[in-house]
Amino acid sequence: VAAWSAVIGLSLSLGLGTVAAEAADVTRAQVEEAIRQGVRYLKSQQKPDGSWRQADNEARTGSTSLATLALLTAGETAKEAEIARALDYLRQFGPEDLRSTYDVALQTMVFAAADPERDKLRLTRNVAWLEAAQIKLADRVPWPGTWTYSASKTRQGDNSNTQYALLGLHAAAEVGIPVKTQIWALSREHFLGSQNRDGSWGYTPLGGGGATGSMTCAGVSSLVITGLKRFTGREVVVGEAINGCGEGGFHPDLQRGLDWLAVNFSVGQNPGQEQTWKFYYLYGLERVGRLSGQRFLGQNDWYREGARLLVSTQDPLRQGFWRGVGTESDPLIATSFAVLFLAKGRAPVLMNKLRHGPGRDWNNDVDDVRNLVSSVSRDWKTLLTWQVSDPGTASVADLLQAPIAYFNGHEPPAFSSEAKANLRSFVEQGGFIFAEACCGRPEFDRGFRALIGELFPEPEYTLKPLPPEHAVWRSRYRLTPDVHPLWGIDFGCRTVVVYSPSDLSCFWNQSEMQPDNAAVIKALRVGQNVVDYATGRELPADKLEVREVRDFRKD
C-alpha cells in the first residue's frame, strides 16, 4: 500500500451489542483538554501560506485538508484565521490540479464542512471528477466500482481509495450536491462481491493484503453509505403511499461484517496490522458508532475506550501531539486522526432506538432514526447522533444518555419486566418516549396501548389525542392534528409520551432516496416537531457527561 493511501485511508465501521457501560475512567474534562491541546499543536504547524507540510511528496494538499478537517471537526469555524488561510490555500487547486483520488476527496470533505454555499461550484467540480474517476465495466481495469489513485486508471482499484472517494461523495451529497445513482450502485456491487468468507475485507478483493480492521471498516461503512443512497430494501414511496412498507433494507452481508468487527474489536491496535495505521483505524471506529448508532462494539464502549487510550497516550510534555509508527510517526498525521476521533465521537446522542421483541421487529426500517437525526442535525446546524439501546440490559443512566427513547414495530412490542421498569424510571428522570406503529399496523397499536397501560397504570396518565393547541404542533413547523394525528400522555406538567398510530418511519427511511417527496417531507417535519418539543431545541449533554439518577423515594 502506498504511503499516502495508508495515511488517509480513513475507515468506517459498525458494531453490535448493547450492554451496560462500565464505570467511567475518562472524563469529559480530560477529553476536552486533549482536544484543545491537539488543536493548539495543529495550529502551531501551519505554514504562513495556510498549508501544512505534506506527508507524501506525491500528494499536493492531502495533509492540509486532513489537518483542516480535524480543526473544523473540533469546532473551529471558517471565520477563524487559521481556517480562513487553509481554505484560501485549498481554493487554489481544482481537481484537475490535484489529480489524486485522496486529495480530491479530502478537499471535498473540507469544503462541505466549512462553507458549502461559497464553494458549491468547487464541490460540483470535485464530484464530477470523482464520478469520472470511478472504474467502470467498460474500463477493463480491476475492479469495477472501485477507485485507484487517479483518474487515469492505469492500475487496479483498491478498497482504500474507494472508501475515501465514497466519503467525499457522501459529504458532498449531504450538502445538496447531486451524485449519480449508478456510482453508488456500482460501488455497492463491488463491496458485496469482494467480502471475505469470514465477513472481513482486505486492501483488494480476493484477500489482497489480508483482512484488516481498517479495510473491514471501509467495507462495512461503504455498504452503509451506498445503502443510504441506493438500497432501501423493497420499500418505495409512490405518491403518499409506501409499497413494501416495513421491508426497509437489512442485509446479511452487512451483518457478517459487523460480526467480524465485534469479534476482533480493539482500540490498542488495528486488527490484522497491529500498530500500523492505528490512528486512522481509531477514526474509523468513530465513524462506526455514528453511522451504525451503536454505542458498543461487541462488549466494548468504543468511544470511552478509544478516548481513554488517546488521553493517556498524548505527548506527556503537553505539546499536544500524538505519534504512531510508520507514516503515523509524523505527529501531524497521528494528531489529525486523534482529534477527529475525539471531537466527532463526542457528538451528543439525540435518540435511543430501542430493541424489543419479537425478533427483529424493532428494526424494520434500518435507516429511519438515522435519517431523522440527520435532518434535525442539519436544521440545528450541529452534529447529533443516535444509538441502539436495549432497555432490558442498559441501565437507566445509559438510557438517559439520550433525551428521547424511540421504538416502533409491526407486532405487539415485547419488553422484559426489567425493560418496562427502566422505561418508567427513564420517564420519571426526565426522559421522553416517542413511538410509532410502523405501516400503521393495528397489531402494534393494540400492543402499544397495552404496554402503556402497564407502564403508566395510574388513571391520570391516559393516552389521548394531542389537541390543536398543543405546543408540539408549533415547536418547529406550523402543523395541525389533521396533518398527522398524534397521541400523548401528560406526566406532571408536560407531555412525556408521543405516539403516532400511522406510519412515519418508512418515510424517514426513504428520505435519502426521495428527499423531495411531499409525504417524506411531511413525515420528517412531524418527527422534528416531536424532537423539538421533547428537547426544547436544547442540545443533549456530552456523551461522557455522567447522568445522575435520583431516587425520588428518598427525596
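These numbers come from a predicted model, not from an experiment.
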Quick one: sort the Trp508 and Tyr406 rings into parallel, tilted or perpendicular, breaks at 30° and 60°.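 Aromatic pair Trp508/Tyr406 classed tilted.
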Aromatic ring pairing Phe407/His356, orientation class (parallel under 30°, perpendicular over 60°, tilted between):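 Phe407 vs His356 ring planes: perpendicular.
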Consider only side-chain N and O atoms of [X] and [Y], and report whether a donor and an acceptor are under 3.5 Å apart.
X	Y	result
Asp398	Ser395	yes
Tyr281	Ser266	no
Gln163	Ser221	no

Pairs flagged by ring pair (Phe, Tyr, Trp, His ring centres under 6.0 Å) wherever residues 365-399 is involved - sequence neighbours left out: none
Is there a side-chain contact between [X] and [Y], using heavy atoms and a 4.5 Å cut-off?
X	Y	value
Arg346	Glu545	no
Leu123	Val127	no
Arg290	Leu383	yes
Val237	Phe507	yes
Val224	Ser292	no
Leu223	Arg188	yes

In sequence, state the C-alpha distance, the side-chain angles, and the governing distance for Asp253 and Arg256, and then conclude on salt bridge (charged side-chain N to carboxylate O under 4.0 Å, His left out). CA-CA 5 Å; Asp253 290 336; Arg256 293 196 301 121; 3.4 Å; yes
For Glu454, is there an ion pair with Arg424 - N to carboxylate O distance below 4.0 angstrom?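 The answer is no: the pair does not qualify as a salt bridge.
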Do NZ/NE/NH1/NH2 and the carboxylate oxygens of Asp365 and Lys353 come within less than 4.0 Å? no
Report the distance from atom [atom1] of [X] to atom [atom2] of [Y], rounding to the nearest 0.5 Å.
X	Y	atom1	atom2	result
Phe448	Glu436	CZ	CD	10.5 Å
Thr216	Asp259	OG1	CG	12.0 Å
Ile489	Leu455	CD1	CG	8.0 Å
Leu350	Ser377	CG	OG	7.5 Å
Gln134	Leu130	CD	CG	10.0 Å

Minimum-distance pair of heavy atoms, taken over all atoms of [X] and [Y]:
X	Y	result
Leu354	Ala405	CD1-CB, 3.9 Å
Ala165	Trp147	CB-CD2, 3.4 Å
Val472	Asn529	O-ND2, 2.9 Å
Trp302	Phe341	O-CZ, 3.8 Å
Ser200	Ala211	OG-CB, 3.1 Å
Phe426	Pro403	CZ-O, 3.7 Å

For the pair [X] (side chain) and [Y] (backbone), establish whether a donor and an acceptor sit closer than 3.5 Å, ignoring hydrogens and angles.
X	Y	result
Asn422	Ala394	yes
Thr108	Val104	yes
Asn300	Leu297	yes
Asn352	Ser389	no

For Glu240, does the CD atom have more than 12 heavy-atom neighbours from other residues, nucleotides or ligands under 6.0 Å away?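 No.
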Above 12 or not: heavy atoms from other molecules or residues under 6.0 Å from NZ of Lys180?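 Not buried by this count: 12 neighbours or fewer within 6.0 Å.
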Test disulfide bond (SG atoms under 2.5 Å apart) applied to Cys245 and Cys439, step by step: CA-CA 6 Å; Cys245 187; Cys439 307; 2.1 Å; yes
Could you list the residues that satisfy side chain to side chain contact (heavy atoms under 4.5 Å, CB included) with Glu418, not counting sequence neighbours?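 Side chain to side chain contact (heavy atoms under 4.5 Å, CB included) list for Glu418, sorted by chain: Ser416.
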